[in-house]
Protein chains: 2
Amino acid sequence: MARRGDTIELAVLGLLHEGPMHGYELRKRLNLMLGWGRVLSYGSLYPALKKMLRTGLLSEVTTTTAVTRRPRIVYEVTEAGHAEFERLMSEVGPSAWEDDNFDIRFAFFGRTDMEIRLRVLEGRRTRLQERLTRVQAELERTQEEVNRYAAELQRHGVESVEREVRWLSDLIQAERGERPASPEAPAQS
Amino acid sequence: MARRGDTIELAVLGLLHEGPMHGYELRKRLNLMLGWGRVLSYGSLYPALKKMLRTGLLSEVTTTTAVTRRPRIVYEVTEAGHAEFERLMSEVGPSAWEDDNFDIRFAFFGRTDMEIRLRVLEGRRTRLQERLTRVQAELERTQEEVNRYAAELQRHGVESVEREVRWLSDLIQAERGERPASPEAPAQS
DNA sequence: GTTAGCATGTAAGGAGTTACATGATTTT
DNA sequence: AAAATCATGTAACTCCTTACATGCTAAC
């Protein structure tokens, strides 16, 4: 099962699919990718890369091409790495719905089946809708709210989540429209 | 200076202002408050409360009222706690702009000056606009983007941030309109 | 030739989660 | 009387950041 911290691993495997890279560049691309607020530090990237070398998901590229370059370590994905990438991308459980995990997974959607994509999108949508229901119920219960600002924050929060739900719905429809969907339409999981 | 982890402290001080509470209830209210995804565990709340007792920000309420109740520990804010709350709320540096910190601060805006409110709102808006500019610049530079899904994610992200910027702008205008603003209008910090 | 940026790492520590441990009280 | 929920805590562990340490290369 995918633990929370597999996010970096998945991102690295996905990025390296586009071609071998060294750590410094990986960090830049990564920060752009999951870059809404979060910035990944060297202190967590490099150890992660080393671990992935140890566990055989990555291998060092033997720098045959240019001898003039300084000693930087270029990584590429191994067979085992590809397998792991596919295993992680096929996870459709809660770990795929958390914010960071979802974003990474989504970015690499092009390399999964439509069935998986739909399950992840629907899973996240359901999760968000549950949150919405719970918060709105709670809001009614505690309408003692004398606090204008707290109320405004809640309102804006609800609106943002509702917006994301609509976004997900559009994406789901688009996925379904793409191909006429298989005979046994997978509407409910 | 407010470190990242002062978030719980600020939230607890702010919530207890409404009246004494015990840990279990604080957690429920807290989770509702910063509850978009994050859930605070006992393992971090109780140690935090103990620490705040030690440092004198909170005191245990001597349960004079009901003797029938079971042994639960009710906390209230001390003088020092009130002072610390106000100190934290007056911080207008980067720590006030981070997502979680901002939300908590915003929820307690009713207990600060308009000047502080404006500075925090404007600070966050500026921060978001910077991010936006950086990401959009980066998007133009790397338009090699063959990846539909990654591009869609970026688009949605940009839109969300733009929406929050508009929200902040509305709030800032509302703050300014509330009172006709002081003679020396504080338009720029 | 010295500053700025590329590039890789390690050590210490912060902040919080999970899992464990315990017991009282209310509900069924 | 059992089960659910209220209520408080601790220990171990995870993930990550900050700060430190190092050295190469390009630009000025």
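Within every chain, numbering begins at 1; the chains are lettered A, B, ... in the order of the sequence lines, protein sequences first and strands thereafter. Since the model is a prediction, treat every value here as computed from it, not as a measurement.
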Short side-chain N/O contact to D:dG9 OP1/OP2 from B:Tyr42, under 4.0 Å: no
Rounded interatomic separation in angstrom, taking CD1 from A:Ile73 and C1' from C:dA7: 9 Å
Atom-pair distance (CZ on A:Arg27; P on D:dC16), nearest Å: 14 Å
Sugar-phosphate only, base, or nothing, as touched by B:Gly43 at under 4.0 Å among non-hydrogen atoms: base
Point-to-point distance, once rounded to the nearest 0.5 Å, from CG of A:Asn101 to CG of A:Asp103: 9.0 Å
Atom pair distance, as rounded to whole Å: CZ in A:Arg72 and C1' in D:dG23: 15 Å
Side-chain H-bond candidate by donor/acceptor type, B:Arg105 with B:Thr112, under 3.5 Å: no
B:Glu91 and B:Arg87 ion-paired at < 4.0 Å: yes
Rounded (10°) bend between the five-pair end axes of the helix from C:dG1-D:dC28 to C:dT28-D:dA1: 30°
Whole-Å gap separating P (D:dG9) and NZ (B:Lys51): 17 Å
Protein-nucleotide distance (A:Glu60, atom CD; C:dT8, atom P), rounded to Å: 10 Å
N or O in side chain of B:Lys28 less than 4.0 angstrom from D:dC6 OP1/OP2: no
B:Gly56 backbone acceptor or donor facing B:Thr78 side chain under 3.5 Å: yes
Short side-chain N/O contact to D:dT17 OP1/OP2 from A:Ser44, under 4.0 Å: yes
Whole-Å gap separating C1' (D:dC15) and CG (A:Leu30): 15 Å
Interatomic distance, B:Met21 CE vs D:dA7 P [rounded to whole Å]: 13 Å
Check: A:Val61 and A:Tyr75 side chains under 4.5 Å, non-hydrogen atoms: no
Presence of A:Tyr24 side-chain N/O under 4.0 Å of C:dC6 phosphate oxygens OP1/OP2: yes
Considering all heavy atoms, the nearest B:Tyr46-B:Tyr24 contact: OH-N, 3.6 Å
From C:dT8, D:dG9, D:dT10, nucleotide with atom closest to B:Pro47 side chain: D:dT10
Closest listed nucleotide, where the reference is the side chain of A:Lys50 and the choices are C:dT8, C:dG9, D:dG9: C:dG9
Short side-chain N/O contact to C:dT17 OP1/OP2 from B:Ser41, under 4.0 Å: yes
Value in whole Å for how far the C1' atom of D:dT8 lies from CG of B:Leu26: 13 Å
A:Pro94 to A:Arg127 - nearest heavy-atom pair and separation: CB-NH2, 4.1 Å
